[in-house]
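Here the structure is laid out as structure tokens; the discussion comes afterwards.
Values below: all heavy atoms of this structure, side chains included; hydrogens, waters and symmetry mates excluded. Numbered from 1 within each chain, the chains take letters A, B, ... in sequence-line order.
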Amino acid sequence: MPPETTNHPTTADDRPPFRYGAGLANEIEARWQDRWALDGVYHAPNPVGELANDSADLVDRPKLYVLDMFPYPSGTGLHVGHPLGYIGTDVFARFKRMTGFNVLHVMGYDAFGLPAEQFAVQTGQHPRVTTEANIATMRRQFRAMGLGHDDRRSVATTDVAFYRWTQWIFLQLFNAWFDEELGRARPIDALVDEFEAGQRLVVDDDHPDGRTWSSLSRLEQRAVIDANRLAYLDEAAVNWCPGLGTVLANEEVTPDGRSERGNFPVFKRNLEQWKLRITAYAERLVDDLDLIDWPEPIKLMQRNWIGRSEGARVTFVVAGRPDLAVEVFTTRPDTLFGATYMVLAPEHPLVDALTTSSWPHGTPASWKGAGLTSVAGVPSGGWATPRAAVDGYRAHSSQRSDLDRQIEAREKTGVFTGSFAVNPTNGDAIPVFIADYVLMGYGTGAIMAVPAHDTRDFEFASAFDLDVVGVVAPPDEWFAEHDLVSGAPAHLWPEAFTGVGSATNSANGEIELDGLSTPEAIAAISAWLRESATGDIAVTYKLRDWLFSRQRYWGEPFPIVYDQDGLPVALPESMLPVELPDVDDYAPTVVDDDDQSMPAPPLARADHWASVTLDLGDGPAPYRRELNTMPQWAGSCWYYLRYLDPTNDVAFVDPQVEAYWMQGTHSDGTPAFGGVDLYVGGVEHAVLHLLYARFWHKVLFDLGHVSTPEPFQRLYNQGYILAPAYKDTRGFYVEAVSVTGDETSGFVDADGNPVFRESGKMGKSLKNAVSPEEIYDTYGADTLRLYEMAMGPLDADRPWNTRDIIGVHRFLQRVWRNLVDEVTGELRVVDDAPSDELARLLHHTIDGVSDDMEGLRFNTAVAKLIELNNALGRVVGDLGGTPSVVADALVRMLSPLAPHIAEELWARMGHDESVVWAPYPSADPALLVADTVEIPVQVDGKVRARLSLPAGLPPEEVEAAALADEAVRAAIGDAEVAKVVVVPDRIVNIVIR
RNA sequence: GGGCGCGUGGCGGAAUCGGCAGACGCAGCGGACUCAAAAUCCGCCGCCGAAAGGCAUGAGGGUUCGAGUCCCUCCGCGCCCACCA
């Protein structure tokens, strides 16, 4: 041991005893967190009910609902990237409390889901046990951050008392139908009444003219009703993921045909599953985006996902088969004259009827499948009959996953059905194909193909040697770009012309489009379609109904049983909740053989639970329960409503409570649109959660259970925290904390092997997480909060840099030192008034910071507070302390951002009441207007002088002063002054010639 | 392939309505204090230049008295969607 060093005091002993550092911060923070919990300072009262007990004055304030997207309680706890949005909403909620609002701010847990179930599968421990332990850990972590939540209202979607109401909402969907005429959901009983009263006939494909209700059998009546419900069973192609042992919603499948979670391959299977009729709301889900204050990119993503297209439906009669007709959807009905063939999806129901027994004379070999190298089992020269071709091609396309389709780079394949259809505009007989580039799930599952004006049709026509007829004249430039003479016929074109132009080649005895612009031609042909009864304008959506069944254990059971006819029956409300039964094995049946595997839900193992005898009104009878569970999205569709009234056991939310929190008024008393006032979360929920939740909310609105058409008035997407991540030479991530080295010498892992730096979203998968505890140990929670708010705009991704944290820590240290003597611990606040200069800075700061807080610009708010504090630090020594009015305002302004240190200073300044509800300071307008302004003078755009002039000076006098300035005159020199631009109190620009 | 967004010092970022580019912080440099170091405090800190001055917001062009901000072309990065008829 070197003797010299031991003779000197250690670092810690040298520091003043009352300097703000990690030790003092940790002590202050723990103390105030206890006190806040004890006093319930974050409790927001309800107008009525159990939570209406205290703080009656608060409920008279305007309400403000600040909501976070609630987390999944993961077992690994939080890292510093998680709470960015939570700190942001907390700062905002605290700010708004101080400006006079009754602020609702709650945290809950989206606790159903795969990790707990997978852990249960591995350990045999009930997922509820792990889930509750994880929730307890997260609660502790949120508390340590000083987040001001009303803990009385916290819920987890796995609470039986919560999912009882999730089941209840499912019953609302089950017991409702969508009235297309009124454009809204109504109770299913109303539909039955209309049928019974004869106001409505039962129309289906077999009975296009309708049947009376009484002519149906009891089972037929039930089938009709069931088919109309918003929650219905449907046998349909679903996304079966053997790797996860469950089916998935379209939204949960990635574009390359794999599961979003786990990245397992996904296959199409026909299964009977619950679906929710979200498509009925497609139009309102698009239209009502105009009502809400969301980022435009998110609205755009929702619009794209819903995928509204305007166009026309056109009926093509099959040649020689007047009984058979195929309906197509097109967005370009103006190109109808150019339709030279048709394509049906392989799964289209009319394919069998269209498939002829033998190839028509002269059918090219390629139409019979010859040359389809990617299709297995094609005889050379093609299949012998259309039947064989259709069967062979269908077998091929049903076995291909979406992934395969992707790999094949969109090579166009298909076979001829043997049938021809009649183009209604010109009477041409055009061949009908099946091809997998036409999707059953969109439009009508059939298209008219216009190869001259559609890229995909052009590719198909090229491969199958089909006619290309141009019916929209491209501009001359288009021909020039393609090295064609203007007006060259379409069969010479190297690609389709998909733009707009003037119609050509489009006339028959009844209609002539030639010369019309594309929009005019669309209008004209649409009118003709309607008059000639061959079609009509139509709107189509990409959105599909929401697949709502999952073959999992850890989810909400459906409140549904099946009777002896195998038909679903809703359990009465009195039988809710349907609790999850215990099982001895939580594993879903996971099979990796994609050919034969079928989903098998774990609840099938709970024999005693699955088969029950119930009295549902007709005496005791045997039923079997629905064995699927709901997807994880279910709870998140409505949790924000349960926060309002979490203890209510007679309703999912009391209507008066719902009205208080959801139907706001603006602070000036005018009615606000309502809903959650601010909803903050990650952009990854742009379509899934946010679309599903809007859908449920609209159903609840239609049925009279909530009072606003939209749930979330203002949405804000916080950014992600990025951090350096390191990959080894094999491409695997290594723990970032173990990496040493730098950019110039290179990075190495713990064993000295070279690794390579990249940047990515902080988290477990990139092994670059930083735990909040590390930061608390060095600086405290207030510093962490402040750093996260100061490092950049809330909605931007930003790199985590531990080195930078010291900056905001020093700021807190200096605030503390300006108000508290570091040696004695005594308050350094004096009664003297601040100088005029300091007072002006203070009020400018108040004004700017208030504005920034309102706009969620916390980074610039922090910068302004630092400026004020730095200015204060320069004079505090001369004054012998901080002027009390400055200290008071500074602590109030600091408190939303760094609540613990602010609360401690507030108490030391002699306040008994918490700073949480103290009013936010307001700026004195008299101190915001300067009496002198500095005006830069430019000559030809370059600043040559700065004049200090009285504010509000008339432009002529400013101009005179500018022209009189020596430096300005020197810059002008001999040149002639052409023009002088004076922007009052801002700038002068002298233009010379 | 389509759509949307973003490019500002060594780094994170600021400039809210077209009006002094680089607030605030980190890093760096110099100084005070100290036997010394840490901590703390003070000062400097876009680039070129000794200075005067010139040049600078991805590149190029345009509009304007004036452009980081508006328009056009290109380059780079990010996100979303992707055979959607």
Self-check item: Residue A/Val991, side-chain heavy atoms: nucleotide from B/C81, B/C65, B/C83 that is nearest
Solution: B/C65
Quiz prompt | Nearest-0.5 Å distance, CD of residue A/Glu684 to CG of residue A/Leu690 | solution = 9.5 Å
Self-check item: Out of B/A85, B/U40, B/C83, whichever nucleotide has its closest atom nearest the side chain of A/Gln813
Solution: B/U40
Quiz prompt | Rounded P spacing from B/G53 to B/A59 in Å | solution = 26 Å
Quiz prompt | A/Gly763 backbone acceptor or donor facing A/Asn768 side chain under 3.5 Å | solution = yes
Quiz item: Taking syn as any angle within 90 degrees of 0 and anti as the rest, which one fits B/C17?
Solution: syn
Self-check item: Pairwise P distance, B/C71 and B/G5 [rounded to whole Å]
Solution: 10 Å
Exercise. Quote, to the nearest angstrom, the C1' distance that separates B/C72 from B/C80.
Key: 26 Å
Practice problem: Have a look at A/Arg814 and say if it touches a base, only the backbone sugar-phosphate, or nothing, with a 4.0 Å heavy-atom cut-off. | Solution: sugar-phosphate
Quiz item: For atom C1', what is the distance between B/C75 and B/U64, given to the nearest Å?
Solution: 26 Å
Practice problem: Spell out, as yes or no, whether a donor-acceptor pair under 3.5 Å connects the side chain of A/Asn717 to the backbone of A/Gly681. | Solution: yes
Self-check item: A/Tyr442 OH to B/C81 P, straight-line distance once rounded to whole Å
Solution: 17 Å
Quiz prompt | Among B/U40, B/C81, B/C80, the one nearest A/Met301 by side-chain distance | solution = B/C80
Self-check item: A/Lys979 side-chain proximity, nearest of B/G25, B/C65, B/C83
Solution: B/C65
Quiz item: Looking only at atom P, what distance separates B/G1 and B/C74, rounded to whole Å?
Solution: 14 Å
Quiz item: Reading nucleotides 7-15 of chain B from the 5' end, what letters show protein touch, with B for base, S for backbone sugar-phosphate only, - for no heavy atom under 4.0 Å?
Solution: -----SSS-
Grab the N/O contacts between the protein and nucleotides 52-58 of chain B below 3.5 Å, and write none if there aren't any.
| from | atom 1 | to | atom 2 | distance (Å) |
| --- | --- | --- | --- | --- |
| B/G54 | OP1 | A/Arg944 | NH2 | 3.4 |

Provide a list of protein-nucleic acid N or O atom pairs under 3.5 angstrom, restricted to nucleotides 66-72 of chain B.
none

Practice problem: May I have the distance from A/Glu296 (atom CD) to B/C80 (atom C1'), rounded to whole angstrom? | Solution: 15 Å
Exercise. Check the angle between the aromatic planes of A/Phe460 and A/Tyr437 and answer parallel, tilted or perpendicular using the 30° and 60° thresholds.
Key: tilted
Quiz prompt | B/C83 phosphate, OP1 or OP2, under 4.0 Å from A/Thr455 side-chain N/O | solution = no
Quiz prompt | Residue whose closest nucleotide on RNA chain B lies nearer the 5' end, A/Val683 versus A/Gly443 | solution = A/Val683
Quiz item: When you measure from the side chain of A/Asp985 to the backbone N and O of A/Ala951, does any donor-acceptor pair fall under 3.5 Å?
Solution: no
Practice problem: Supply the atom-to-atom distance A/Tyr341 OH to A/Leu466 CG, rounded to the nearest 0.5 angstrom. | Solution: 6.0 Å
Self-check item: Nearest-Å distance for atom pair NZ/C1', residues A/Lys412 and B/A85
Solution: 12 Å
Exercise. Run through A/Arg814, A/Arg828, A/Arg19 and flag the one making a salt bridge (Lys or Arg N to Asp or Glu O under 4.0 Å) with A/Glu822.
Key: A/Arg19
Quiz prompt | Between CZ on residue A/Phe316 and CG on residue A/Leu336, distance to nearest 0.5 Å | solution = 5.0 Å
Quiz item: With respect to the phosphate group of B/C41, does any side-chain polar atom (N or O) of A/Arg817 fall under 4.0 Å of OP1 or OP2?
Solution: yes
Quiz item: Relative to each other, are the rings of A/His396 and A/Tyr393 parallel, tilted or perpendicular (30° and 60° limits)?
Solution: tilted
Quiz item: Is A/Asp334 reaching over with its side chain to a backbone N or O of A/Thr518, donor-acceptor style, under 3.5 angstrom?
Solution: no
Self-check item: Selection: residues 864-875 of chain A, any non-hydrogen atom under 4.0 Å of RNA chain B
Solution: A/Lys864, A/Ile866, A/Glu867, A/Asn870
Quiz prompt | Whole-Å gap separating P (B/G19) and CG (A/Leu947) | solution = 20 Å
Exercise. Could you measure between the two P atoms, the one in B/G25 and the one in B/G78, and give it in whole Å?
Key: 32 Å
Practice problem: Look at the rings of A/Tyr20 and A/Trp816 and say which category their plane angle falls in: under 30° parallel, 30 to 60° tilted, over 60° perpendicular. | Solution: tilted
Quiz prompt | Stems involving RNA chain B, each a run of at least 3 consecutive Watson-Crick or G-U pairs under 3.5 Å | solution = B:1-7 with B:75-81, B:10-12 with B:24-26, B:28-32 with B:40-44, B:46-48 with B:53-55, B:58-62 with B:70-74
Quiz item: What is the distance from NZ of A/Lys299 to P of B/C80, rounded to the nearest Å?
Solution: 21 Å
Quiz item: Taking the side chain from A/His453 and the backbone from A/Thr335, do they hold a donor-acceptor pair closer than 3.5 Å?
Solution: no
Quiz item: Roughly how many Å is it from CG in A/Asp334 to P in B/A85, rounded to a whole number?
Solution: 14 Å
Quiz prompt | Options B/C41, B/G19, B/A85, nucleotide nearest the side-chain atoms of A/Asp454 | solution = B/A85
Exercise. Only counting residues at least two apart or in another chain, list the ones meeting side-chain hydrogen bond (donor to acceptor under 3.5 Å, both in side chains) with A/Thr455.
Key: none
Quiz prompt | Where the chi angle of B/G9 falls, syn if within 90° of 0 and anti if not | solution = syn
Quiz item: Is a donor on one side and an acceptor on the other found under 3.5 Å between the side chain of A/Asp797 and the backbone of A/Tyr720?
Solution: yes
Quiz item: Donor-acceptor pair, A/Arg544 side chain versus A/Gly441 backbone, under 3.5 Å?
Solution: yes
Quiz item: Does A/Gly21 offer a backbone N or O that forms a donor-acceptor pair with the side chain of A/Gln813 under 3.5 Å?
Solution: no
Practice problem: Pick base, sugar-phosphate or nothing for A/Ser309, based on heavy-atom distances below 4.0 Å to the nucleic acid. | Solution: sugar-phosphate
Quiz prompt | Residue closer to the 5' end of RNA chain B, A/Arg810 versus A/Ile935 (nearest nucleotide) | solution = A/Ile935
Self-check item: Distance between P atoms of B/G62 and B/G68 (Å, rounded)
Solution: 15 Å
Practice problem: Output the distance between atom CD1 (A/Ile990) and atom NZ (A/Lys979), rounded to the nearest 0.5 Å. | Solution: 13.5 Å
Quiz prompt | Other residues, nucleotides, ligands: >12 heavy atoms within 6.0 Å of A/Glu283 CD | solution = no
Self-check item: Flag, side chain of A/Arg857 to backbone of A/Asp851, donor-acceptor distance under 3.5 Å
Solution: yes
Quiz prompt | Whole-Å distance separating the CH2 atom of A/Trp816 from the P atom of B/U40 | solution = 17 Å
Practice problem: Would you mind telling me which of B/C41, B/A39, B/G19 lies closest to the side-chain atoms of A/Arg19? | Solution: B/A39
Quiz prompt | C1' atoms of B/G54 and B/A39, separation to the nearest Å | solution = 43 Å
Quiz prompt | Gap between atoms CZ and C1', on A/Phe811 and B/C24 respectively (whole Å) | solution = 10 Å
